[in-house]
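These notes concern the structure reproduced below.
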Amino acid sequence: MTTPKLTLADSAATKLAAETLVIGTVEGSDGPELAQGTNELAAAFDGNLTETLSLLGAKGKAEEVVRVPASGSIRANVLLAVGLGKRDADGEIPAESVRRAAGVAARSLNGVSHAANTLSALDLSATVQGTVMGAYSYTRYKSQAGEDPVAKVDLLVPDAKSDGAKSALKGATAIGEAVNTARDLINTPPNDLPPAAMAERAAELGRAAGLEVETLDEDELRKHGYGGILGVGAGSSRPPRLVRLRHKGPKGARKVALVGKGVTFDTGGISLKPASGMEEMTSDMSGAAAVIATVVLAAKLNYPLDITATVPMAENMPSGTAYRPGDVLRMYGGRTVEVLNTDAEGRLILADAITRACEDEPEYLIEASTLTGAQLVALGKRTPGVMGSEQFRDRVAALSRATGEGGWAMPLPEELRGDLDSKLADLTNVTGQRWGGMLVAGHFLSEFVTGQTAWAHIDVAGPAYNSNSPWGYTPKGGTGVPVRTMAAALADIAENG
Ligand code: BES
Ligand code: MN
Ligand code: ZN
């Protein structure tokens, strides 16, 4: 991951010295319209710019990119017009439209060394986030380098020297970089990211950000009775880990716990998954990646909160040492779980981690995981399901939508809980029926949340990984969802309690 160099500029768009100048177009009723911040530009093109764009096929639709040679009209050589889509009901351009357009622009600027962008005059933070996330690429395993992402982008804003603009640039860059940090972890192939390597990477990132780091290896996990993590990890020759990263807030700061699923590869275990698409289970540690990136971000932006991330990591493999359907695991804290399906492994490692996190009596707990295929059935590839304590769940879901990640609140209907009763142990890890699988998993996790802690469970099975073409600021592969949701929740707790 490399972040383009971003600079605030308040000179006229026509005078910016850059190879390419990015402008926004809006989808109007009679074709494309220029977004704000581009008035002088229209004049520089003798008032013909919208007509020219229209002739070139521009409509102003989201994801649209049209290039216009500037031919001396302005200082830049090329004008890159990106579509923002329609205005909202109030005639405004939504922040997420700007964020996505900035991402589209950044992806279209590969190979350009110096660009300027006018979208920042609409929304600086959104443009910065979109640019940083859109310029992401993962090339560690490519022998032949492709085109480099854009190296430098000047961002047009009216108040380039104000503290507000400077702090927006800093905050939005940090958030975009946190998303990219999560993506790097997710995109690392599973052969190179066994639990020990992931734990080491988490510890490095944590130490570099000034976090307290604690890593439990398999011996320590055994000593303390982490039966869920050990059970899931038993089939792999590469043993499990539990990493704890702590950002210390000021005296009396509110306590928040983060927990993330770190299954470094999920074959399903003895309840083996079908071969088709199994390679995508390299992303089954996306919740862990997001949580690690978020607590590191919290340290960088010095959030006035006491935040502890508890991150269980295990590889779910079938082998002669693997756990079996029928096994009973004694979880951390002493409760027992009858395993009926070894592919429902995420909830087992999370149960241990949630129990540990609750020992610290946090006021809030946010947990993120690629937990169920049922999330995809219910909400599709792009919409996270948010469950948990009703008030906090609704708050996290609303914040998620404000960030553009689009989380949606889902219920935990009482009647689904009973299906997890076991004849042999305290609980089973799955039920006999397939309906409402995302919610059943939420019920299972809720059993391990103790005390007064308000909690939210974010299922990102679909949203964490983009198997298709890039769109907006989202590349193929790891997406970094729900880093921005969790960052927004932390910022909101810091501000409003
Ligand atoms: N990691 C999977 C969930 C998943 C599926 C993530 C598709 C991303 C894309 C999880 O461990 C799993 O296998 N869940 C099972 C649970 C079932 C056995 C109750 C599932 O959803 O099929
Ligand atoms: Mn599984
Ligand atoms: Zn899994």
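Start at 1 with the first residue, then count along the sequence. Counting starts at 1 for both ligands and their atoms, following the listed order.
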| request: Establish, from distance only, whether the side-chain atoms of Tyr473 and Glu96 form a donor-acceptor pair under 3.5 Å. | output: yes

Counting backbone and side chain alike, does Val263 bring an N/O/S atom below 2.8 Å of the Zn ion (ligand 3)? no

The residue among Asn316, Ile229, Leu371 that forms side chain to side chain contact (heavy atoms under 4.5 Å, CB included) with Glu345 is Asn316

Heavy-atom nearest pair, Thr372 first then Gly437, reads CG2-O, 3.8 Å

Got Glu447 and Leu427 here, is their nearest side-chain heavy-atom distance under 4.5 Å? yes

- Query: Do Arg393 and Trp455 meet the cation-pi criteria used here (NZ or CZ under 6.0 Å from the six-membered ring centre, within 45° of the axis)?
  - Reply: no

Review point. For residues Tyr136 and Glu177, is any side-chain donor paired with an opposing acceptor at under 3.5 Å?
Key: no

message = Below 30° counts as parallel, above 60° as perpendicular, anything between as tilted: where do the rings of Phe444 and Phe448 land?
response = tilted

At the Zn ion (ligand 3), OE2 of Glu345 and OD2 of Asp284 open up to roughly (10° bins) 100°

Distance filter under 4.0 Å, heavy atoms only, around ligand 1 gives Lys261, Asp266, Lys273, Met281, Asp284, Asn341, Asp343, Glu345, Arg347, Thr370, Leu371, Thr372, Gly373, Leu376, Val430, Ala461

In Asp266, the N/O/S atom nearest the Zn ion (ligand 3) carries the name OD2

When every non-hydrogen atom of Met410 is compared with those of Ala378, the smallest separation belongs to CE-CB, 4.4 Å

Checklist entry - Using the ring of each side chain (for Trp, its six-membered ring), is His224 parallel, tilted or perpendicular to Tyr226, with breaks at 30° and 60°? => result perpendicular

The residue among Asp306, Ile307, Val295 that forms side chain to side chain contact (heavy atoms under 4.5 Å, CB included) with Arg246 is Asp306

Atoms listed for the Mn ion (ligand 2) (protein only, N, O or S, under 2.8 Å, no waters) are Asp266 OD2, Asp343 O, Asp343 OD1, Glu345 OE1

Hydrogens and angles aside, do Asn466 and Thr474 bring a side-chain donor and acceptor to less than 3.5 Å of each other? no

